[in-house]
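Data block below; observations after.
To find a chain, count down the sequence lines: A is the first, B the second, and so on, and within it residues start at 1. Owing to the predicted nature of the structure, the values given are computational and were not obtained by experimental measurement.
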2 protein chains.
Amino acid sequence: MRLGNVDVPRDTCQLVGNILGHLGDKWSVLIIVLLRERPMRYSELERQIETVSKKMLTTTLRHLERDGFISRAVTPTIPPRVDYQLSELGREVMEPLDVLARWALRNSDRIVEARSRYDSDHEP
Amino acid sequence: MRLGNVDVPRDTCQLVGNILGHLGDKWSVLIIVLLRERPMRYSELERQIETVSKKMLTTTLRHLERDGFISRAVTPTIPPRVDYQLSELGREVMEPLDVLARWALRNSDRIVEARSRYDSDHEP
DNA sequence: TCAATTGGTCTCCATTAGAGACCATAGGAT
DNA sequence: ATCCTATGGTCTCTAATGGAGACCAATTGA
């Protein structure tokens, strides 16, 4: 793998791929973006995202916690209360994520065009 | 959704999420990175990636083509020859992708640490 | 004559995602 | 007194998705 003009050894490359893979799965980025605004409770995230199942919300949060992007604070009241917030690492990853999101935003027209071109070329 | 200090309307945000989603799936980034080096034939990509199944390689290539990141050139010889290469859009998306990959590279230690901390805290 | 090559598609099985029931418990409303 | 709601999950069952690999058509080289 190459980054800029640096050759990246194979196992490091796998790690990067792995991290990118996690960040790239269906809900991670969305959760990070939401938590950037402010810390949120589990149920709040659930309501904000709407289309996520409890199971996937839980597993995605666990992954993000394990990788150190968010922290999880339990208050053992009844009913229980669990707050999630971005960690320092989570806040830092926002920057490259923003770069990518801004690029997507700037170029969304071109992608939409490419798609309709492809679709009209391939359906007959 | 917010990017920097700009508020992004909901449907545009969905598009960005959608694009990020595609880029984030298991093989896309790897294929883009490989094609940055030089154009490659189907079988060459297959050999480079090793662990990808034909089915997934084909569907990922189709998605990338539909979104306009790569182009596909068929030479109808026997046996057939199909060349894939990055389009202009594909070359442009490398930049934000590089930013993210470099970040991952710089911070991989912290993530590895976070993981082992999490694992030792949660297994007993 | 036989094997190898290519870019897929197709089928069959394994893994993963999603929908939603369920839980324990307290406080508030009726 | 009794119900209802709220919370942060887990668990089960089903639907969708992913992977392994057989198969194909046709030509060239051994």
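- The separation between A/Arg47 atom CZ and D/dG8 atom C1' is 12 Å, rounded to whole Å.
- Looking only at distances, no side-chain donor or acceptor of A/Ser71 sits under 3.5 Å from a matching main-chain atom of A/Ser87.
- When the C1' atom of D/dT7 is taken as reference, atom CG of A/Leu61 falls 14 Å away, rounded to whole Å.
- Comparing B/Pro80 and A/Met56 by the nucleotide of DNA chain C whose heavy atom lies nearest to each, the residue mapping closer to the 5' end is B/Pro80.
- Not one side-chain nitrogen or oxygen of B/Arg81 sits closer than 4.0 Å to the OP1 or OP2 atom of C/dG7.
- B/Asp25 and B/Ser28 share a donor-acceptor pair across their side chains, judged by distance under 3.5 Å alone.
- Distance from the side chain of B/Lys54 is smallest to C/dG7 among D/dG8, D/dA6, C/dG7.
- Annotation for A/Glu95: atom CD does not count as buried by contact number, only 12 or fewer foreign heavy atoms lying within 6.0 Å.
- Atom-to-atom, NE2 of B/His122 to C1' of D/dG9 comes out at 14 Å; the value is rounded to the nearest Å.
- OP1 or OP2 of C/dG8 has at least one side-chain nitrogen or oxygen of B/Arg62 nearer than 4.0 Å.
- In this structure, of D/dA20, D/dG9, C/dG8, it is C/dG8 that holds the atom nearest to the side chain of B/Arg72.
- For B/Pro79, the side-chain atoms get nearest to C/dT6 when compared with the rest of C/dG7, D/dA6, C/dT6.
- B/Ile70 has its CD1 atom 14 Å from the C1' atom of C/dG7, to the nearest Å.
- Applying the 4.0 Å criterion to OP1 and OP2 of C/dG8, one finds that B/Tyr84 has a side-chain N or O inside that range.
- The backbone N or O of B/Thr77 lies less than 3.5 Å from no partner atom in the side chain of B/Thr75, so there is not a single donor-acceptor pair.
- Distances from the side chain of A/Ser43 to the nucleotides C/dG7, D/dA26, D/dT7 place D/dT7 closest.
- What separates CG of B/Asp83 from P of C/dT6 is a distance of 12 Å, to the nearest Å.
- Here the side chain of B/Thr58 is nearest to one of D/dG8, C/dG7, C/dT9, namely C/dT9.
- Straight-line distance from the CD atom of B/Glu65 to the C1' atom of C/dG8: 14 Å, rounded to whole Å.
- Both B/Glu46 and B/Lys55 sit near DNA chain C, but only B/Glu46 has its closest nucleotide nearer the 5' end.
- Going from atom CD of B/Glu44 over to atom P of C/dT5 covers 15 Å, rounded to whole Å.
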Legend entry - Stepwise salt bridge (Lys or Arg N to Asp or Glu O under 4.0 Å) check, A/Arg38 with A/Glu44: CA-CA 11 Å; A/Arg38 56 190 160 79; A/Glu44 217 173 339; 2.4 Å; yes
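- The separation between A/Asp25 atom CG and D/dT17 atom P is 16 Å, rounded to whole Å.
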